[in-house]
Amino acid sequence: MNQKRHLEMTEEEKARVARCDGIKHEHKCKNPVFRCSECGNYGCDQVVPDKCPAQGFKNGKCLHCGALETRIPVMEDELAEFKEAWDKEVELAGK
């Protein structure tokens, strides 16, 4: 599991960060995907709210729990694992 902050990553690692597949302005977002180290929420980071339907952060603030500076990049090979874990968390919370 990747625990590095984006600034601490090598260029090779940055190239392997998962890219957002949300649609904004009629094309794929392609911004890096992050997860929240506090609650497990994941998604891209945008400057304004509701910019992308897959947005998880606004200016580094988690849109689920409100925590700041908890963004950790999600690597391409880890994205499915985080999506599955988050979906289970949301499902359990809804029961």
Side-chain angles (χ1 to χ4, degrees):
M1 185 180 313
N2 187 20
Q3 295 292 324
K4 287 185 177 182
R5 302 287 181 212
H6 203 247
L7 293 174
E8 300 169 339
M9 297 174 74
T10 66
E11 290 304 313
E12 182 180 328
E13 289 172 322
K14 287 179 185 178
R16 293 186 300 128
V17 171
R19 298 292 170 185
C20 180
D21 61 1
I23 303 296
K24 68 177 189 181
H25 303 296
E26 300 178 21
H27 66 281
K28 281 195 177 187
C29 173
K30 296 184 185 177
N31 281 353
V33 174
F34 300 94
R35 70 174 175 86
C36 177
S37 61
E38 292 293 316
C39 71
N41 180 36
Y42 69 92
C44 63
D45 193 358
Q46 302 288 333
V47 178
V48 296
D50 302 321
K51 181 84 169 183
C52 174
Q55 182 176 352
F57 299 86
K58 178 184 171 283
N59 287 328
K61 180 179 179 181
C62 177
L63 294 176
H64 183 260
C65 72
L68 290 169
E69 299 185 21
T70 58
R71 287 183 339 168
I72 296 176
V74 176
M75 305 310 278
E76 291 171 337
D77 60 349
E78 298 173 329
L79 184 58
E81 173 188 336
F82 285 114
K83 283 183 175 183
E84 183 179 328
W86 179 250
D87 289 345
K88 285 180 183 177
E89 182 72 28
V90 170
E91 184 179 320
L92 289 174
K95 289 184 177 181

(message) Run the side chain to side chain contact (heavy atoms under 4.5 Å, CB included) test against K30 and tell me which residues pass, sequence neighbours left out.
(response) K28
(request) Give the minimum heavy-atom separation between V17 and V33, together with the two atoms involved. (result) CG1-O, 4.0 Å
(request) Write down the atom of Q46, the atom of C29, and the distance for their closest heavy-atom approach. (result) NE2-SG, 3.4 Å
Using distance only, find each side-chain donor-acceptor pair of residues 82-90 under 3.5 Å and give its atom names and separation, not counting sequence neighbours.
unit_1 : atom_1 : unit_2 : atom_2 : d
E84    : OE2    : K88    : NZ     : 3.4

(request) Not counting sequence neighbours, which residues clear side chain to side chain contact (heavy atoms under 4.5 Å, CB included) with K61? List them please. (result) L68
(message) Applying salt bridge (charged side-chain N to carboxylate O under 4.0 Å, His left out), can you list everything that pairs with E11, at least two apart in sequence or on another chain?
(response) K14
(message) Other residues, nucleotides and ligands only: do more than 12 of their heavy atoms fall within 6.0 Å of CG on D77?
(response) yes
(message) Applying side chain to side chain donor-acceptor pair (under 3.5 Å), can you list everything that pairs with H27, at least two apart in sequence or on another chain?
(response) none
(message) Test of understanding: with side chain to side chain donor-acceptor pair (under 3.5 Å), list the residues that count as partners of D45, not counting sequence neighbours.
(response) R71
(message) Return the CD to CD1 distance between E38 and I72, rounded to the nearest 0.5 Å.
(response) 9.5 Å
(request) Would you name the heavy atoms of N41 and L63 that are closest together and state the gap between them? (result) ND2-N, 4.1 Å
(message) Strictly distance-based, threshold 3.5 Å: is any side-chain N or O of Q55 a donor or acceptor partner for the main-chain N or O of F57?
(response) yes
(request) Taking the side chain as every heavy atom from C-beta outward, state whether K51 and H25 have any atom pair closer than 4.5 Å. (result) yes
(request) Hey, could you give me the CD/CZ distance between E81 and R35, rounded to the nearest 0.5 Å? (result) 9.0 Å
(request) Ignoring hydrogens and angles, tell me if any N or O in the side chain of N31 forms a donor-acceptor pair with the backbone of C20 under 3.5 Å. (result) no
(message) With heavy-atom distances below 4.5 Å as the criterion, would you say the side chains of C36 and C65 are in contact?
(response) yes
